[in-house]
Amino acid sequence: MDDRQSDDGSGQQTPPNGPPPTIPPPPARPPAAPVRPSAWRRATGKQKTLLSVAAAGVALAVILTVISSSGSPDHSARGSGGPVADSPAVAAAHGTAAATALDGLPGIHLSAAYAPSGGKPVTQAELTVTDDGKASGTFEEPVTGKATMAWSGEQLYLKGDKEFWAQQGPQNGHDLTSSERWVAPEKRSGYYMLDSFGVNAGSLTPKSLAAIVRQVTSDPAAVQEDAGSPQGRRAISYTVDEQTVVLTADAPYTLVAIGFNPASARPVTTAAWHGKPGADAPAVSAGHRVVPADDGGRFFNPYFVAVPKPATDKETDATRAAAAEAAAAAVPPSSDARAARLQGPNFVTTFNSPYLCTSNPCSYAFTVTNEGDAAAEAVLHVSFPGIPDLAHPLGTLGPGQSKSVSGTRPNAAAGTGTTVRHTDYSWVYSSATYGPDPEVGQRLYARELKPDDVFVATPLKPLLANLLDQMTKDAPITDEEVNKKTIKVLRDANDEGQLPLLMTIAASGRLQNPGDLADSLSGLDKIGGVRVLQQIAHLVKTDPHAKVWYDGGYKASNGETYKTDYIYTSNRDGQELRRAVQVKTIEAWGKLWPRMGDGAEQLNGEHTKGSGKRKPENAPPGFERVLQINLEPSVGTVGYNADGVYLTNFLKSPRYAQARQNLCKPTGENRVDRLVIVNATGTHEWTDLTEIGVNCRTATG
């Protein structure tokens with residue numbers, strides 16, 4: 001996608017660095033309702049109080065609010081996000097009281113989220129952790145995948161479904177063939193036991209959390225801010241570097257929420273490899289942040305946020321029982337990459353015919369063996385010079401079972417008096433490899449492509465085959481560059497954990513321009529590109545009527561082709577939706593207005609800066625022009641946790657009158673039909689831009 005322009009502001013008026021100013025609000029209205037969680041990124045910084053996770057799509061926002069507003073119509077109850085003037089001694093006393101209450105708990109329940117580095121999707125977790133370090137609960141990925149988990153004795157145990165394992169990488173669990181078995185994923189040097197939850201769950205004990213509360217609140221450098229009334233009681237947040245705790249403002253002082261980078265939040269530890277029992281993985285210093293030695297994330301550090309509540313005796317007893325059951329029943333993962341590849345059926349063909357044939361016809365013979373660990377039906381296809389493809393159904397082959405086929409074919413050298421060298425071809429079609437449509441296998445075979453070109457375990461091969469086919473089937477078979485480019489981008493996407501999202505999009509059958517994917521995926525090395533991909537995957541999974549053009553490629557009735565970050569049509573409640581969406585992911589308040597201006601121009605084909613040879617983006621005629629702003633946590637506490645009332649007043653503040661004009665054309669027309677801002681409190685939308693002070697006709701004429 002074309003989201004490469006610089007953020008220099010281009011003469012536009014921008015907010016100052018830091019949070020937006022406090023604006024007296026009009027009567028409050030309820031905030032937009034949060035929807036399901038998607039993806040998130042943690043930025044570092046001393047005054048980044050963040051205890052919510054969010055990323056979103058237009059009308060399909062994906063949100064997890066770990067701390068939310070109370071919903072009270074009294075805006076003052078929501079908290080200003082402004083500074084609190086308690087002295088360090090008072091803050092430390094409050095922290096000590098809250099920590100003492102935690103110390104005495106036999107266990108704690110955590111509604112949590114873990115945001116991996118690298119822009120990967122957030123894992124939502126419900127955990128119960130006992131005072132002696134046993135844990136149990138559930139993990140859930142936002143678009144695909146769920147798992148039951150347990151932790152005991154420094155070992156993670158998982159019972160995940162196929163989609164969950166697909167996002168973890170083959171070195172972590174391997175067991176894609178059974179969602180009803182406990183697996184003990186191994187930690188290999190350089191990797192977490194689980195990419196999507198890199199926290200030692202057993203270290204999240206009440207005493208560990210109490211220690212962090214004491215550390216943060218007793219630090220004289222802790223930044224204090226009003227945190228509103230998330231549980232019906234006024235709260236204050238305390239932040240030091242990458243650690244934030246939120247406590248009730250009045251006695252009895254209790255912990256409302258907690259957030260930290262697990263790599264630098266002792267006594268909590270990462271789920272990293274241990275050189276010897278009890279030894280933590282080494283850490284290295286990188287400026288003002290601590291990065292685990294085996295964390296090579298692209299988008300800053302991982303982050304963990306949680307809302308705690310005391311666990312009951314029944315919950316702690318159930319957790320200890322679950323951990324014991326998992327430890328007794330768990331099987332080890334496959335020992336090497338080859339074993340992971342052989343999960344499910346895996347067919348190998350042996351050519352048994354003589355190398356030289358002097359008779360006419362010639363005989364041929366092949367043996368097909370299932371070297372995998374699951375049974376599946378198979379069809380052997382063979383082709384010889386001058387005769388069409390021959391299909392030999394093999395029936396169902398169990399693990400280790402072989403079947404031979406034989407027949408005759410014409411002698412290619414008959415009547416020539418010479419020796420003719422030629423190549424005979426064979427391949428095996430199975431729905432377990434290529435999916436239910438044999439034509440998918442035929443087309444990939446004709447292009448000399450196969451799912452094995454991109455490393456995934458066998459149970460995922462049908463989804464990958466479908467993706468490969470959709471990306472290449474409209475290109476000429478002779479175009480070898482299409483093959484090379486497709487395989488490269490899919491291998492890169494697999495390395496970055498994005499392949500399950502792509503397979504989900506392709507499996508919907510409603511991506512209208514799959515042939516453009518190889519070019520569109522070039523933006524996945526930036527957080528904005530990752531967020532758009534996550535939004536589209538969520539869109540096609542939750543809206544069964546959505547037809548999507550990713551990164552454009554929409555041909556309108558006027559014969560012109562249009563593109564924005566994504567274009568989609570749908571039908572909701574009997575009404576047709578036609579939307580062109582331009583997405584901007586904002587990581588600093590100072591970039592908000594410039595990026596809004598850029599997006600508005602792109603929706604109207606007016607923005608060429610940074611595009612290079614790419615055609616300017618432009619919404620198709622007759623489509624609603626949607627400008628979506630995703631606020632990342634690094635924008636700061638106030639903006640990231642602002643409700644709709646606050647955002648409305650911020651946007652229409654007189655100080656930004658000049659910047660607002662970037663949402664208007666010189667002719668006095670709006671550049672945007674719908675403005676969407678997504679942050680920790682939900683999805684906030686404006687279709688009447690006069691509500692935020694945009695009056696294009698008045699301003700221009």
J.: Among residues at least two apart in sequence or on other chains, which ones pass ring pair (Phe, Tyr, Trp, His ring centres under 6.0 Å) with His109?
T.: none
J.: Could you tell me if Asp643 and His684 have a donor-acceptor pair between their side chains, going purely by distance under 3.5 Å?
T.: no
J.: Just to verify, what does Thr130 make a side-chain hydrogen bond (donor to acceptor under 3.5 Å, both in side chains) with, not counting sequence neighbours?
T.: Asp132
J.: Using modelled atom types and a 3.5 Å cut-off, is there a donor and acceptor pairing between side-chain atoms of Tyr303 and backbone atoms of Gly259?
T.: yes
J.: Would Gln535 and Val583 count as a side chain to side chain contact (heavy atoms under 4.5 Å, CB included) if you check the C-alpha gap in whole Å, the side-chain angles of each, and the deciding distance to 0.1 Å?
T.: CA-CA 10 Å; Gln535 290 167 207; Val583 182; 3.8 Å; yes
J.: With side-chain hydrogen bond (donor to acceptor under 3.5 Å, both in side chains) as the test, would you mind laying out the steps for Asn630 and Gln628 before giving the verdict?
T.: CA-CA 6 Å; Asn630 294 334; Gln628 177 170 323; 2.7 Å; yes
J.: For the backbone of Ala91 and the side chain of Ser87, can you confirm whether one donor and one acceptor N or O come within less than 3.5 Å of each other?
T.: no
J.: Indicate the atoms forming the closest heavy-atom contact of Ala221 with Val240, along with that distance.
T.: C-CG2, 4.5 Å
J.: To the nearest 0.5 Å, what is the distance between CD on Gln124 and NZ on Lys146?
T.: 10.0 Å
J.: Can you name the salt bridge (Lys or Arg N to Asp or Glu O under 4.0 Å) partners of Asp131, sequence neighbours left out?
T.: Arg320
J.: Taking all heavy atoms of Met503 and all of Leu460, pick out the closest pair and write down the distance.
T.: SD-O, 4.1 Å
J.: Do Ile236 and Asp86 touch side chain to side chain, with heavy atoms closer than 4.5 Å?
T.: yes
J.: Side chains of Thr244 and Phe260: does their closest heavy-atom pair fall under 4.5 Å?
T.: no
J.: Given 3.5 Å as the limit, does a donor-acceptor pair link the side chain of Asn200 with the main chain of Val268, or not?
T.: no
J.: Would you check if Gln498 and Leu533 make a side-chain contact, meaning some heavy-atom pair closer than 4.5 Å?
T.: yes
J.: What pairs of residues pass the side-chain hydrogen bond (donor to acceptor under 3.5 Å, both in side chains) test when at least one of them lies in residues 207-217, not counting sequence neighbours?
T.: Asp103-Arg214, Thr205-Ser208
J.: Of all the heavy-atom pairs spanning Ala147 and Gly160, show the shortest one and how long it is.
T.: CB-CA, 3.6 Å
J.: Is there side-chain contact between Leu110 and Thr128, with heavy atoms separated by less than 4.5 Å?
T.: no
J.: For Thr312 and Asp317: C-alpha separation, side-chain torsions, deciding distance, then whether side chain to side chain contact (heavy atoms under 4.5 Å, CB included) applies.
T.: CA-CA 9 Å; Thr312 64; Asp317 289 345; over 6 Å; no
J.: Using every non-hydrogen atom in the two residues, find where Leu102 and Leu209 come nearest and quote the distance to one decimal.
T.: CD1-C, 4.1 Å
J.: Take Val256 and Thr248, measure what side chain to side chain contact (heavy atoms under 4.5 Å, CB included) needs, and give me the verdict at the end.
T.: CA-CA 7 Å; Val256 176; Thr248 54; 3.7 Å; yes
J.: Which value, rounded to the nearest 0.5 Å, describes the distance between Ile505 atom CD1 and Gln534 atom CD?
T.: 10.0 Å
J.: Describe, in one word, how the ring planes of Phe304 and Phe197 are oriented to each other, choosing from parallel (under 30°), tilted (30 to 60°) and perpendicular (over 60°).
T.: perpendicular
J.: About how many Å separate CG of Leu127 and OG of Ser136, when rounded to the nearest 0.5 Å?
T.: 8.0 Å
J.: Are the side chains of Asn494 and Arg491 in touch, meaning some heavy atoms are under 4.5 Å apart?
T.: no
J.: If I take atom CD from residue Glu225 and atom OH from residue Tyr238, how far apart are they, to the nearest 0.5 angstrom?
T.: 12.0 Å
J.: Run the ring pair (Phe, Tyr, Trp, His ring centres under 6.0 Å) test against Tyr157 and tell me which residues pass, sequence neighbours left out.
T.: none
J.: Work out which heavy atom in Ala265 is nearest to a heavy atom in Ile212; give both atom names and the distance.
T.: O-CD1, 3.7 Å
J.: Taking C-beta and beyond as the side chain, do Leu501 and His538 meet within less than 4.5 Å on heavy atoms?
T.: no
J.: Could you pull out all residues at least two apart from Asp250 that satisfy salt bridge (Lys or Arg N to Asp or Glu O under 4.0 Å)?
T.: none
J.: So, does Gln155 use its side chain to make a donor-acceptor pair with the main chain of Ser152 at under 3.5 Å?
T.: no
J.: Run the side-chain hydrogen bond (donor to acceptor under 3.5 Å, both in side chains) check on Ser111 and Glu126 step by step: do they pass?
T.: CA-CA 5 Å; Ser111 295; Glu126 293 291 334; 3.0 Å; yes
J.: List the atom of Ala222, the atom of Val216, and the distance in Å for their closest heavy-atom pair.
T.: CB-O, 3.4 Å
J.: Could you state the interatomic distance from CG (Leu156) to CE (Met149), rounded to the nearest 0.5 Å?
T.: 5.5 Å
J.: Within a strict 4.5 Å, meaning less than it, do heavy atoms of the Phe139 and Leu158 side chains meet?
T.: yes
J.: I need the Asn261 CG to Thr270 OG1 distance, nearest 0.5 Å.
T.: 9.5 Å
J.: Are the side chains of Val245 and Leu255 in contact, using a 4.5 Å heavy-atom criterion?
T.: yes
J.: Applying side chain to side chain contact (heavy atoms under 4.5 Å, CB included) to Ile629 and Val678, what does each step give before you reach the verdict?
T.: CA-CA 6 Å; Ile629 306 298; Val678 181; over 6 Å; no
